[in-house]
Amino acid sequence: MCGIIGYIGYKNAADVVLNGLRRLEYRGYDSAGIALNDGRLYIEKTVGKISSLSDLIDVEKLCDYCAGIGHTRWATHGVPSRTNAHPHTDCAGEIAVVHNGIIENYRVLKEALIKEGHRFVSETDTEVVAHLIEYYHGAEPLVDSVIHALARIEGAYGLVVVSSKEPDKIIAAKKGSPLILGVGDGEMVMASDASAIVEHTRRVIYIEDNEILEIRKDGYKTYDLKKNNIEKKVANIDWDIARIEKGGFEHFMLKEIFEQPETVENAYRGRILLDRGVSRLDGLRLSDDELGDIERIVFLACGTSWHAGLIGEYMIEEYARIPVKVEYASEFRYRKPVLKKGDLVVTISQSGETADTLAALLEARAKGIEAIGITNVVGSTIARETGRGVYIHAGPEIGVASTKAFTSQITVLALLTVLLARRKDMTPEEGRSVLEDLMRVPEQIRRILQNPEIKKIAGLYGEKRNFLYLGRGIQFPVALEGALKLKEISYLHAEGYPAAEMKHGPIALIDESMPVVFIAPRDEVYSKIISNMEEVKARQGRIIAIATEGDEGIRRYADHVIYVPETHRMLSPLLTVIPLQLLAYHIAVLRGCNVDQPRNLAKSVTVE
Ligand code: G6P
């Protein structure tokens with residue numbers, strides 16, 4: 001949600017900042033801007049994507065600038081417009097600021113600054129930061145003025161600030177929004193995430209809340225809010241640049257869908273003890289006794305990660321016999337939830353930065369329960385706050401609609417289920433059988449990915465306006481996820497429903513123009529779901545069924561069948577979701593939608 005970057009070094013800053021913004025664009029893409037600093041500020045901004053911004057900028061002509069900051073926006077305060085785009089400046093045009101987050105008390109500050117004679121031009125909350133720094137930045141150094149300004153600011157921020165009076169440095173600060181510093185040789189680059197850093201250096205420092213960063217081309221200092229020096233550890237990130245490129249695919253989302261055979265494997269690699277029929281998740285750091293003491297599991301998550309949590313609920317309750325509650329993080333934090341000793345709170349978040357999930361985690365902590373995290377992004381705020389948990393190792397997910405992170409989360413939840421279930425009724429043989437099936441999943445996903453039918457079916461239904469997705473049991477969350485994928489990237493109305501609930505409402509929608517996607521692998525509720533198909537058929541609905549290979553009988557009910565290989569019931573969502581991801585993808589492409597950057601969405605939502 002908004003991407004920010006700052007660079008100082010020996011390279012052409014315009015080039016570095018624009019490239020970095022392209023990498024961060026998935027975080028927000030309604031407007032963008034840069035400010036370059038060599039003792040004078042050069043500012044350019046525009047509505048639209050980074051490509052529109054770079055059309056306005058002649059990078060070669062700006063080769064003298066070796067320091068700059070940039071922003072790609074997802075609007076919270078003020079419509080997307082050139083004026084509201086960042087960077088924002090002070091009255092004198094000497095200070096430029098980019099910001100990710102929300103300044104909650106900006107109205108009060110704005111009124112006070114206007115009384116002091118400051119002139120505001122935008123509707124944003126961010127502009128007050130530039131004026132507030134200006135207010136303090138008379139004779140005092142920029143870093144001091146930033147610290148003074150922060151003392152009056154309430155809310156969340158990742159901030160990057162330059163002043164034309166101090167062109168040899170960039171100041172940054174963080175509270176509640178991510179900020180990483182890349183430490184290069186003769187250059188420093190800071191950004192909202194590592195994707196904008198790895199092409200310059202793999203040595204990074206994770207900035208913590210309430211820390212201030214001062215960078216020059218050959219060094220950096222970190223301070224607390226009282227300007228005491230803080231020592232920071234440099235970490236190495238193991239991504240390489242190829243992992244954040246499209247690698248020959250038309251879209252990141254398609255690339256990420258096709259990466260799933262490897263990403264699922266990465267999620268279980270080293271975590272399976274086949275001879276004992278059990279899994280190991282050392283990062284949980286829970287002793288045998290502590291595992292035995294778990295009386296209830298509470299998952300906290302948003303969006304697709306919440307759907308993964310629902311699948312975890314089905315798995316854990318059925319096999320490990322531990323009650324599970326799955327909470328929308330955004331609701332949990334405000335509804336006075338009851339937590340008690342014996343609860344294991346688990347946050348699930350791809351980015352590790354979702355504001356609601358982070359706040360829910362802090363709410364649990366306030367109630368005396370420390371959470372563990374299932375996270376993708378190493379070093380992200382939630383990963384650091386929880387301090388223990390499981391990384392899903394899916395690699396950078398750039399497409400805004402989550403795909404590979406979802407299957408990796410399910411893989412980890414399956415491992416967690418086996419770990420817990422083996423302490424209860426699951427025998428070593430049963431455990432081994434689930435794990436062996438899990439190890440077959442990558443190959444099975446590969447087979448589904450090769451199925452040409454999915455694209456053909458997409459071609460037949462791209463013109464429809466509404467879709468229903470129905471599933472029972474563990475396939476119900478898969479139905480929710482399939483519907484969400486379609487909504488997110490093709491802007492079609494799609495609803496996921498438990499198949500049996502259809503008759504309590506959605507059945508009224510069904511006529512010959514309504515496609516209904518049934519997730520109907522052969523399982524214990526198969527005959528029930530066939531009855532639901534008959535009900536749809538009787539009302540002339542069009543049926544697309546996701547079914548188990550070899551199930552020819554289902555053709556009697558369905559207009560189209562997409563087959564998936566057979567696997568353990570608990571693992572079946574790992575396979576049934578793949579055709580739904582592809583169906584959504586192909587429909588969105590046919591409709592000419594921007595698959596990787598759907599309108600109004602952002603990859604990681606760092607505001608409430
Ligand atoms: C946003 C994204 C979704 C994602 C959700 C939760 O809404 O568009 O794809 O599922 O945030 O994100 P997280 O990073 O916490 O899993």
Within-4.5 Å side-chain heavy-atom neighbours: N594 and K49: yes
Verdict with supporting geometry, K367 and D343, side chain to side chain contact (heavy atoms under 4.5 Å, CB included): CA-CA 11 Å; K367 298 194 164 354; D343 284 346; over 6 Å; no
Minimum heavy-atom distance E481-H307, with the two atoms named: OE1-ND1, 2.8 Å
Between E127 and S122, is there a donor-acceptor pair closer than 3.5 Å when you use the side chain of the first and the backbone of the second? yes
Test item: I34 and K45 side chains (from C-beta on) under 4.5 Å apart, heavy atoms: no
Donor-acceptor pair, distance only, cut-off 3.5 Å: does the side chain of T357 make one with the backbone of S349? no
Other residues, nucleotides, ligands: >12 heavy atoms within 6.0 Å of R335 CZ: yes
Nearest 0.5 Å please: distance from the CG atom of N100 over to the OH atom of Y157. 13.0 Å
Nearest non-hydrogen partners of S81 and N84, listed with the distance: OG-N, 3.1 Å
Keeping the roles fixed (side chain from Y42, backbone from A14), state whether a donor-acceptor pair exists under 3.5 Å. no
Please step through side chain to side chain contact (heavy atoms under 4.5 Å, CB included) for the pair D168 and E166, ending with a clear verdict. CA-CA 6 Å; D168 60 334; E166 298 181 31; 4.1 Å; yes
So, does K232 use its side chain to make a donor-acceptor pair with the main chain of Y206 at under 3.5 Å? yes
Does the side chain of H77 reach to within under 4.5 Å of the side chain of I102, using non-hydrogen atoms? yes
Closest heavy-atom pair, A383 versus Y391, reported as atoms and distance to 0.1 Å, is CB-OH, 3.2 Å
Side chains of S195 and L24, heavy atoms from C-beta outward: is any pair under 4.5 Å? yes
Test R365 against L362 for side chain to side chain contact (heavy atoms under 4.5 Å, CB included), laying out the working first. CA-CA 5 Å; R365 178 174 296 163; L362 299 178; 3.8 Å; yes
Counting C-beta onward and ignoring hydrogens, is there a side-chain heavy-atom pair between P598 and I489 closer than 4.5 Å? yes
So does I95 get a backbone contact from the side chain of D90, meaning a donor-acceptor N/O pair under 3.5 Å? yes
Just by modelled atom types, is the V183 backbone N or O under 3.5 Å from a matching donor or acceptor in the T201 side chain? yes
Does NZ or CZ of R599 come closer than 6.0 Å to the centre of the six-membered ring of Y491, within 45° of the ring's axis? yes
Do we see a donor-acceptor contact under 3.5 Å between the side chains of S163 and E94? no
For residues D356 and Y328, determine if any side-chain heavy atom of one lies less than 4.5 Å from a side-chain heavy atom of the other. no
Heavy-atom distance under 4.5 Å between the side chains of Y10 and K217, does that happen here? no
Please work out which of the three classes, parallel, tilted or perpendicular, describes the rings of H118 and H131, given edges at 30° and 60°. perpendicular
Which heavy atom of V189 sits nearest a heavy atom of I197, and at what distance? O-CD1, 3.9 Å
Distance-only donor-acceptor check, side chains R152 and Y135, under 3.5 Å: no
Once you round to the nearest 0.5 Å, how far does CD1 of I374 lie from OG of S408? 11.5 Å
Minimum heavy-atom distance between A85 and A32, given as atom pair plus value: CB-O, 4.1 Å
Any donor-acceptor N/O pair, D596 side chain to F252 backbone, under 3.5 Å: yes
When you look at F120 and V128, which way does the side chain to side chain contact (heavy atoms under 4.5 Å, CB included) test go after all the steps? CA-CA 8 Å; F120 281 76; V128 295; 3.6 Å; yes
Note: E488-K485 ion pair, threshold 4.0 Å (strictly below): yes
Less than 4.5 Å apart, side chain to side chain, heavy atoms only: is that true for L159 and V146? no
Closer than 3.5 angstrom, by distance alone: can the side chain of H71 be matched with the main-chain N or O of H99 as a donor-acceptor pair? yes
Lys NZ or Arg CZ of K227 over Y223 ring: under 6.0 Å, within 45°: yes
Check the side chains of Q350 and S402 for a donor-acceptor pair under 3.5 angstrom, ignoring hydrogens and angles. no
Drop me the distance from T403's OG1 to I257's CD1, to the nearest 0.5 angstrom. 5.0 Å
Side-chain donor-acceptor pair under 3.5 Å between S145 and E140, yes or no? yes
Distance check, rounded to the nearest 0.5 Å: I212 atom CD1 versus L150 atom CG? 4.5 Å
Take the angle between the ring planes of H251 and Y585 and call it parallel below 30°, perpendicular above 60°, tilted in between. perpendicular
Any idea which heavy atoms bring V595 and A588 closest together, and the distance? CG2-CB, 4.0 Å
From I297, T386, L361, L339, residue fulfilling side chain to side chain contact (heavy atoms under 4.5 Å, CB included) relative to V345: L339
Interatomic distance, NZ@K221 vs CG@N229, rounded to 0.5 Å, equals 7.0 Å
Please indicate whether K169 has more than 12 foreign heavy atoms, meaning atoms of other residues, nucleotides or ligands, lying under 6.0 Å from its NZ. yes
When M190 is tested against each of I5, I207, I8, I215 for side chain to side chain contact (heavy atoms under 4.5 Å, CB included), which residue passes? I215
Which distance, rounded to the nearest 0.5 Å, do you find between the CD of Q581 and the OG1 of T407? 6.0 Å
Please determine if R82 and E44 form a salt bridge, counting it only when a charged side-chain N lies under 4.0 Å from a carboxylate O. yes
S380 side chain to E353 main-chain N or O, any donor-acceptor pair under 3.5 Å? no
Are the side chain of N105 and the backbone of E154 linked by a donor-acceptor contact shorter than 3.5 Å? yes
